[in-house]
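Contents: one structure, followed by commentary.
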Amino acid sequence: MTMRNGIELLVRRVSAIPQHSISSSIHFLPQFCTSSASPSSKLFIGGLSWSVDEQSLKDAFSSFGEVAEVRIAYDKGSGRSRGFGFVDFAEEGDALSAKDAMDGKGLLGRPLRISFALERVRGGPVVVPRLGKSKRDRERIFK
DNA sequence: GATGAGCGT
């Protein structure tokens, strides 16, 4: 568990909690909830044409830097594209410039919707911690 | 031969 993984996990847990009920010490968190500001080398690519495959997606982004991984979400049954995918860059800066340059731009006639990818959760359902009113209870979510 | 926001077989 890296520090950032821990923080992102924490963000996903507290994002469902009304902000006014949370201590002021974590009011900075919403900036991580906005996909546009989340620092990552992996991009979520939405708005893909059904006919875009992983090879053409990689070709469309490889001019911005070394592409470490490309995935397209396919329907389990039919095998058709679900219209979104992921592009992971070796360098975070390349991911940012690719996002800035390609977000809203067309690929095969469809405008791309690009944001930074959420961390894929490899466990079960996320458990939302129950917050109390005491300071000690609030600090429990940092463990 | 379909569909159009979303976060991955």
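Only a predicted model underlies this, so the values are computations on that prediction, with no experimental measurement involved. Below, chain A is the first sequence line, B the second, and so on; all start at residue 1. Hydrogens, waters and symmetry mates are skipped; everything else that's a heavy atom, side chains included, is used.
Mapping F44(A) and R110(A) onto DNA chain B by nearest heavy atom places R110(A) at the nucleotide closer to the 5' end. Place Y74(A) and S49(A) on DNA chain B by their nearest nucleotides, and S49(A) ends up nearer the 5' end.
Remark: K58(A) pairs with V67(A), V70(A) by the side chain to side chain contact (heavy atoms under 4.5 Å, CB included) rule, at least two apart or across chains. Applying the side chain to side chain donor-acceptor pair (under 3.5 Å) criterion to D88(A), with sequence neighbours excluded, gives S41(A). With sequence neighbours excluded, no residue forms a side chain to side chain donor-acceptor pair (under 3.5 Å) with D100(A).
For residues 82-107 of chain A, the pairs satisfying ring pair (Phe, Tyr, Trp, His ring centres under 6.0 Å) are F44(A)-F84(A), F44(A)-F86(A), with sequence neighbours left out. Within the structure, salt bridge (charged side-chain N to carboxylate O under 4.0 Å, His left out) pairs that include any residue of residues 75-86 of chain A do not occur (at least two apart or interchain). Here ring pair (Phe, Tyr, Trp, His ring centres under 6.0 Å) pairs that include residues 51-77 of chain A, with residues two or more places apart or in two chains, number zero. Pairs of residues two or more places apart, or lying in two chains, that qualify as side chain to side chain donor-acceptor pair (under 3.5 Å) and include a residue from residues 59-73 of chain A are Q55(A)-D59(A).
For K76(A) against dG8(B), a side-chain-to-base donor-acceptor contact under 3.5 Å is absent.
Rounded to an integer number of Å, the gap from L48(A) CG to dG6(B) P is 15 Å. The separation between R120(A) atom CZ and dT9(B) atom C1' is 10 Å, rounded to whole Å. In this structure, the CD atom of E69(A) is 9 Å from the C1' atom of dG8(B), given to the nearest Å. At whole-Å resolution of the value, CG in D75(A) and P in dG8(B) are 13 Å apart.
Taking the 5.5 Å centre cut-off and the 30° plane limit, the aromatic side chain of W50(A) is not classed as stacked on dA2(B).
Residues from residues 80-91 of chain A lying near DNA chain B, meaning a heavy-atom separation below 4.0 Å, are R80(A), R82(A), G83(A), F84(A), F86(A) in numerical order. Taking a 4.0 Å limit (strictly below) on heavy-atom distances, residues 57-65 of chain A does not reach DNA chain B anywhere.
Contact record, S97(A) with D94(A): OG-O, 3.1 Å, taken as the closest heavy-atom pair.
By the 4.5 Å heavy-atom criterion applied to side chains, L108(A) and S51(A) are counted as neighbours.
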